[in-house]
Amino acid sequence: MRQLPPQSEPAFGFSNSPFGECCIVFSNDGICALTFPESFESATYDIEQRFPETNFRQNDEKARRLAKQIFELGDKPLMHPIGTDFQQAVWNALQRIPAGETTTYAQIADAIGRPKAVRAVGTAIGANPIAYLIPCHRVIRTDGGLGGFRWGLECKKKMLEWEKK
DNA sequence: ATAAAGGCCACCC
DNA sequence: GGGTGGCCTTTAT
């Protein structure tokens, strides 16, 4: 099952955040992406890849409002991530990790009833479209290593530090 | 239909 | 520390 791409008033915008500038993609159905791109171009390229056929307006004002909700007030706005069944299962499991705690890729695999799909879990976590809100940064390796992070390991560390207190 | 590439893990050296 | 083989999903041929 594949969810529909954003349809109702799709838009994107940039805002600052505790972890550097972020790009938020949203529609009336909720947030469908939160990224930390290096540039305007890489951000729009990413959007283009993820949602071809969709025409987005730029709305930085709303993006800043959302960022404030997320990072300052700790709200969790409505989300609308697009992905396969497997990915949805993984992303749902991520949202059950309490803030300030970590788990491992293997434990997530167990949690979704696919203990052998550890590697695929790693791949699915890497495909997480909504950074921070879907807390893929709380997943580390079984051997204690930090694992990877799409937006750089420094960023992953920062997020974990930020949540520690 | 098939190949190649992953944010992994256990096991060896 | 490092290398290898197995595992499973996704994406691009």
Side-chain angles (χ1 to χ4, degrees), chain A residues 1-7 10 12 14-15 17-27 29-39 41-56 67 70-71 76-77 79-164:
Chain A
M1 172 201 78
R2 212 156 197 146
Q3 293 183 39
L4 290 170
Q7 293 188 300
F12 72 97
F14 298 89
S15 170
S17 85
F19 315 107
E21 172 147 276
C22 66
C23 174
I24 306 180
V25 184
F26 51 90
S27 75
D29 298 323
I31 294 182
C32 42
L34 198 171
T35 64
F36 294 91
E38 306 184 327
S39 65
E41 287 75 22
S42 64
T44 50
Y45 178 80
D46 187 68
I47 294 172
E48 190 73 27
Q49 295 302 303
R50 271 186 211 281
F51 313 106
E53 322 258 320
T54 305
N55 202 20
F56 294 88
I70 296 166
F71 299 110
K76 219 171 141 190
M79 291 189 274
H80 185 72
I82 315 293
T84 63
D85 280 350
F86 182 80
Q87 290 169 333
Q88 300 283 352
V90 171
W91 300 338
N92 281 333
L94 295 185
Q95 297 183 63
R96 288 182 226 118
I97 315 169
E101 293 183 24
T102 60
T103 185
T104 67
Y105 296 94
Q107 286 182 50
I108 295 293
D110 283 336
I112 63 171
R114 305 290 308 280
K116 294 199 187 152
V118 194
R119 184 114 194 228
V121 163
T123 312
I125 291 179
N128 169 29
I130 311 181
Y132 186 76
L133 283 177
I134 297 179
C136 58
H137 56 283
R138 296 183 194 145
V139 187
I140 62 177
R141 297 179 49 117
T142 299
D143 63 17
L146 199 52
F149 196 64
R150 171 93 176 275
W151 312 109
L153 286 179
E154 280 312 307
C155 189
K156 188 171 186 174
K157 273 192 216 164
K158 259 194 202 168
M159 286 184 180
L160 291 172
E161 279 300 314
W162 162 277
E163 291 184 330
K164 226 160 214 176

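Letters A, B, ... are given to chains in the order of the sequence lines, protein chains preceding strands, and every chain is numbered from 1.
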Participant: Measure CG/A:Asp110 against C1'/C:dC7 and give the value in whole Å, please.
Facilitator: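 Rounded to whole Å, this separation is 14 Å.
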Participant: Given side chains that start at C-beta, do those of A:Leu94 and A:Arg138 come closer than 4.5 Å, heavy atoms only?
Facilitator: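 A side-chain contact under 4.5 Å is absent here.
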Participant: Would the distance check show the side chain of A:Lys156 and the main-chain N or O of A:Val139 forming a donor-acceptor pair, the cut-off being under 3.5 Å?
Facilitator: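 Yes, the answer is positive, given that a donor and an acceptor are paired below the 3.5 Å cut-off.
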Participant: In whole Å, I'd like the distance from the CD atom of A:Gln88 to the C1' atom of C:dT9.
Facilitator: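 Distance, rounded to whole Å: 14 Å.
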Participant: Locate the shortest heavy-atom distance separating A:Thr35 from A:Pro129; write the atom from each residue and the value.
Facilitator: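 Closest approach of A:Thr35 to A:Pro129: CG2-O, 4.4 Å.
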Participant: Residues in side-chain hydrogen bond (donor to acceptor under 3.5 Å, both in side chains) with A:Arg141, at least two apart?
Facilitator: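 side-chain hydrogen bond (donor to acceptor under 3.5 Å, both in side chains) list for A:Arg141, sorted by chain: A:Asp143.
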Participant: Base, sugar-phosphate, or nothing: which does A:Ala120 touch, judged by heavy atoms less than 4.0 Å apart?
Facilitator: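 It contacts base atoms.
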Participant: Mind pulling the stems DNA chain C is in, i.e. runs of at least three Watson-Crick or G-U pairs, everything under 3.5 Å?
Facilitator: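 The stems are B:1-6 with C:8-13, B:8-13 with C:1-6.
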Participant: Are the aromatic ring centres of A:Trp151 and A:Phe19 under 6.0 angstrom apart?
Facilitator: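 No, the ring of A:Trp151 stays outside the 6.0 Å limit from the ring of A:Phe19, centre to centre.
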Participant: Think A:Arg141 has a side-chain N or O under 4.0 angstrom from the OP1 or OP2 of B:dG7?
Facilitator: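 Checking B:dG7 against A:Arg141, no side-chain N or O comes under 4.0 Å of OP1 or OP2.
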Participant: Identify, residue by residue, the members of residues 99-108 of chain A with a heavy atom below 4.0 Å from DNA chain B, and return them in order of residue number, or none.
Facilitator: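 Within this stretch, A:Tyr105, A:Ala106 sit under 4.0 Å of the strand.
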Participant: Do A:Phe12 and A:Thr44 have side chains that get closer than 4.5 Å, going by heavy atoms?
Facilitator: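 SC-SC contact between A:Phe12 and A:Thr44 confirmed.
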Participant: Which ones in residues 121-131 of chain A lie close to DNA chain B, meaning a heavy atom under 4.0 Å from one of its atoms?
Facilitator: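 Residues of residues 121-131 of chain A that come under 4.0 Å of DNA chain B are, in numerical order, A:Gly122, A:Thr123, A:Ile125, A:Gly126.
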Participant: Near DNA chain B, under 4.0 Å by heavy atom, which residues of residues 145-158 of chain A?
Facilitator: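 Contacting residues: A:Gly148, A:Phe149, A:Arg150, A:Lys156.
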Participant: Please table the atom pairs, donor to acceptor, closer than 3.5 Å between any side-chain atom in residues 118-128 of chain A and protein atoms at least two apart or in another chain.
Facilitator:
residue: A:Thr123; atom: OG1; partner: A:Arg119; partner atom: O; Å: 3.2
residue: A:Asn128; atom: OD1; partner: A:Ile130; partner atom: N; Å: 3.0
residue: A:Asn128; atom: ND2; partner: A:Ile130; partner atom: O; Å: 3.4
residue: A:Asn128; atom: ND2; partner: A:Ile134; partner atom: O; Å: 2.9

Participant: For residues A:Pro10 and A:Ser27, report the shortest heavy-atom separation together with the two atoms involved.
Facilitator: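 Of all heavy-atom pairs spanning A:Pro10 and A:Ser27, the closest is CA-CB, 4.0 Å.
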Participant: Could you give the CD-to-C1' distance, from A:Gln87 to C:dC8, as a whole number of Å?
Facilitator: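 The distance from CD of A:Gln87 to C1' of C:dC8 comes to 13 Å, rounded to the nearest Å.
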Participant: Is the A:Phe71 to A:Tyr132 ring centre distance short of 6.0 Å?
Facilitator: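 Close enough - the centres of the two rings lie under 6.0 Å apart.
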Participant: Would you kindly give the CG-to-P distance between A:Asp143 and C:dG3, to the nearest whole Å?
Facilitator: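 Distance, rounded to whole Å: 16 Å.
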Participant: Could you check if a side-chain atom of A:Pro135 sits within less than 4.5 angstrom of a side-chain atom of A:Gln95, using non-hydrogen atoms only?
Facilitator: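 When only atoms from C-beta onward are counted, A:Gln95 and A:Pro135 do touch, with a gap below 4.5 Å.
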Participant: Distance-only, no hydrogens or angles: does the A:His80 side chain make a donor-acceptor pair with backbone N or O of A:Leu4 under 3.5 Å?
Facilitator: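 Yes, A:His80 side chain to A:Leu4 backbone: donor-acceptor pair under 3.5 Å.
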Participant: Show, in sequence, the C-alpha distance, side-chain angles and deciding distance for A:Asn92 and A:Ile112, and conclude whether the side-chain contact (heavy atoms from CB on, under 4.5 Å) test is met.
Facilitator: CA-CA 9 Å; A:Asn92 281 333; A:Ile112 63 171; over 6 Å; no
Participant: Of the nucleotides C:dC8, B:dC9, C:dT9, which has the atom closest to the A:Lys116 side chain?
Facilitator: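 Nearest nucleotide to the side chain: C:dC8.
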Participant: Can you tell which of C:dT9, B:dC9, C:dC7 lies closest to the side chain of A:Arg119?
Facilitator: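 In terms of side-chain proximity for A:Arg119, the closest of C:dT9, B:dC9, C:dC7 is C:dC7.
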Participant: Side-chain contact test, heavy atoms from C-beta onward, threshold under 4.5 Å: evaluate it for A:Pro81 versus A:Gln88 and give yes or no.
Facilitator: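 They are in side-chain contact.
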Participant: For A:Gln49 and for A:Val118, find the nucleotide of DNA chain C with the closest heavy atom, then tell me which residue's nucleotide is more 5'.
Facilitator: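 The residue closer to the strand's 5' end, by nearest nucleotide, is A:Val118.
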Participant: Calculate the interatomic distance between A:Ile112 atom CD1 and C:dC8 atom C1'; express it in whole Å.
Facilitator: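 Value for this atom pair: 10 Å.
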Participant: Taking CZ from A:Phe86 and C1' from B:dG6, how many angstroms apart are they, rounded to a whole number?
Facilitator: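 Going from CZ in A:Phe86 over to C1' in B:dG6 covers 12 Å.
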Participant: In plain terms, say whether A:Glu154 and A:Lys157 are close enough for a salt bridge, that is, a side-chain N and a carboxylate O under 4.0 Å apart.
Facilitator: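 Yes, A:Glu154 and A:Lys157 are salt-bridged.
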